[in-house]
Number of protein chains: 2
Amino acid sequence: MAQTDTVTRILDTAEVLFAERGFAETSLRTITSKARVNLAAVNYHFGSKKALIQAVFARYLDPFTVRFHHALDELEVRHDGGVIPLEELLETMARTVLEVPAEKHSLKVFMKLLGLAYSQAQGHLRRYIQDEYGSVFTRFVELVRRATPELPDAERFWRLHFVLGTVIFTLSGLDALRDIAEKDYQEHVSVRDLIRRLRPVVVAAMNAPLPPSAMPRAKAS
Amino acid sequence: MAQTDTVTRILDTAEVLFAERGFAETSLRTITSKARVNLAAVNYHFGSKKALIQAVFARYLDPFTVRFHHALDELEVRHDGGVIPLEELLETMARTVLEVPAEKHSLKVFMKLLGLAYSQAQGHLRRYIQDEYGSVFTRFVELVRRATPELPDAERFWRLHFVLGTVIFTLSGLDALRDIAEKDYQEHVSVRDLIRRLRPVVVAAMNAPLPPSAMPRAKAS
DNA sequence: TCCCGCTGGAAACGGATGTTTTAAACATTA
DNA sequence: TAATGTTTAAAACATCCGTTTCCAGCGGGA
């Protein structure tokens, strides 16, 4: 290893550039020149650009999943197998998301990447994340199910994705929004401020009254 | 004009391809060949690829803004200059969004495009939309302000973007989500179903209790 | 000492991209 | 008819892209 490992220098540079411009708009030449490594190094170490993209995500998601699993284990123990309140579940998730990048990466970058993973077509990425990290999400959803027994399954499914949209959308577009907010309201917002604002909104969204059932033909149950 | 105008044939093809794969991932050659139009036609009629992208958005946003302005005019008249309830404002916006593409374009495409406009870096697009259509949004925000006087300005700003995230995120990723939902819950969801589900959630989110003030120095409130 | 596997550097490969140009046909209108 | 705007065709342009190749250095093990 030189001063810092070539591999990590590539990853550090790539994640920032990807977050700023997207995947297709970031060339390997831009990455390698800004990282001061050889162009061939990416294909040598990762094999391809797609693999680089996945590696960037893995560096965030791998520690996230183990931490989140641990946090959920702890939560289940503390509640003795009983139902865990929704607020605690959301709180735990938020805390874990905050902890992981705090170690040495940027939360902003992490969120932008998540936003990109959803919006950019990049089929391979969605599949990779689904296959590699789907199980944590499944476990979380099951716990949320027990915490909100009054919600029909389909309704809970959609609401979870509603709030997922809120979080990813807001945090991934944070810079632009923050600029407007600071200009108009002379108020500096940190990511933690945002999460504090997010909490009551998310809880209220999950607990909103059910919509009028508009099934074409009502059927029993 | 031939069978259908070359310009509209380009726009029709481009908007679908852009929505499916994103801007950078869609080449002019793909567009023109699928539209059965000459490659040079795009640069002849629009000048550049950037201008094509903006034209695709303009075809949706131009009729949207005039309709939305009219709807807001009507709403203000009906309430005699008084305060318009939040529910009616949201309802009006939803109705307008639904009406515009219904004429001859796809709502799904429209929503995917909006999602792309936010997520894809494409600085020029965000600037174009902001400059060209910012005023309607400003007017809407001002009406929402009067409808929610108890909300601090900054809080309302963030909550509006929270729900904006929910809507755009959900509707732009609709296809993927719908596939999962139908598989897991044997339930077909139309866009209108989704909006029905969205309404109580959005209202609850806007009316959520204020977060604990975490200002560095607490001030009486 | 020789050899081998790993890393780095420079260059080139093959292909795709946005754009421009030149040319000829076609349609519409004055 | 003449002029004008539109469309097609084919080719070339200049870049930029991801990827591959070749070779020089380097390390430690035989």
Side chain to side chain donor-acceptor pair (under 3.5 Å) between B:Tyr133 and B:Asp62, intermediate numbers included
CA-CA 8 Å; B:Tyr133 308 100; B:Asp62 283 342; 2.8 Å; yes
May I have the distance from [X] (atom [atom1]) to [N] (atom [atom2]), rounded to whole angstrom?
X: B:Leu17; N: C:dT17; atom1: CG; atom2: P; answer: 12 Å
X: A:Ile31; N: D:dC16; atom1: CD1; atom2: P; answer: 16 Å
X: B:Arg36; N: D:dT8; atom1: CZ; atom2: P; answer: 10 Å

Side chain to side chain donor-acceptor pair (under 3.5 Å) evaluation trace for A:Ser135 with A:Thr138:
CA-CA 5 Å; A:Ser135 64; A:Thr138 305; over 6 Å; no
Partners meeting side-chain hydrogen bond (donor to acceptor under 3.5 Å, both in side chains) with B:Thr148 (sequence neighbours left out):
B:Arg156
Verify the contact: side-chain N or O of B:His45 to OP1 or OP2 of D:dT7, cut-off strictly under 4.0 Å; return yes or no.
yes
Any A:Thr6 side-chain N or O less than 4.0 Å from OP1/OP2 of C:dG8
yes
Classify the angle between the aromatic ring planes of A:Phe68 and A:Phe140 as parallel (below 30°), tilted (30 to 60°) or perpendicular (above 60°).
tilted
Going by the angle between their ring planes, with limits at 30° and 60°, are A:Tyr60 and A:Phe110 parallel, tilted or perpendicular?
parallel
Would you list the pairs meeting salt bridge (Lys or Arg N to Asp or Glu O under 4.0 Å) in which at least one residue belongs to residues 158-170 of chain B, sequence neighbours left out?
B:Glu155-B:Arg159
Listed partners of B:Ala14 passing side-chain contact (heavy atoms from CB on, under 4.5 Å), at least two apart
B:Phe18, B:Ile31, B:Leu52, B:Val56
Looking only at non-hydrogen atoms, find the nearest pair between A:Ala117 and A:Ile129 and report the distance.
CB-CD1, 3.9 Å
Return one dot-bracket line describing DNA chain C 5' to 3' (Watson-Crick or G-U wobble pairs, both distances under 3.5 Å; ( ) same strand, [ ] crossing, | another strand, . none).
|||||||.|||||.||||||||.|||||||
Starting at the 5' end of nucleotides 17-22 of chain D, put B wherever the base has a protein heavy atom under 4.0 Å, S where only the sugar-phosphate does, and a dash everywhere else.
BBBBB-
Using a cutoff of under 3.5 Å, can you pull out all pairs of nitrogen or oxygen atoms linking the protein to nucleotides 25-27 of chain D, with atom names and distances?
none

Answer yes when A:Arg139 and A:Glu142 have at least one side-chain N-carboxylate O distance shorter than 4.0 Å, and no when they do not.
no
Determine whether the aromatic ring centres of A:Tyr128 and A:His124 lie less than 6.0 Å apart.
no
Check: B:Arg178 side chain, B:Val189 main-chain N or O, donor-acceptor pair, under 3.5 Å
yes
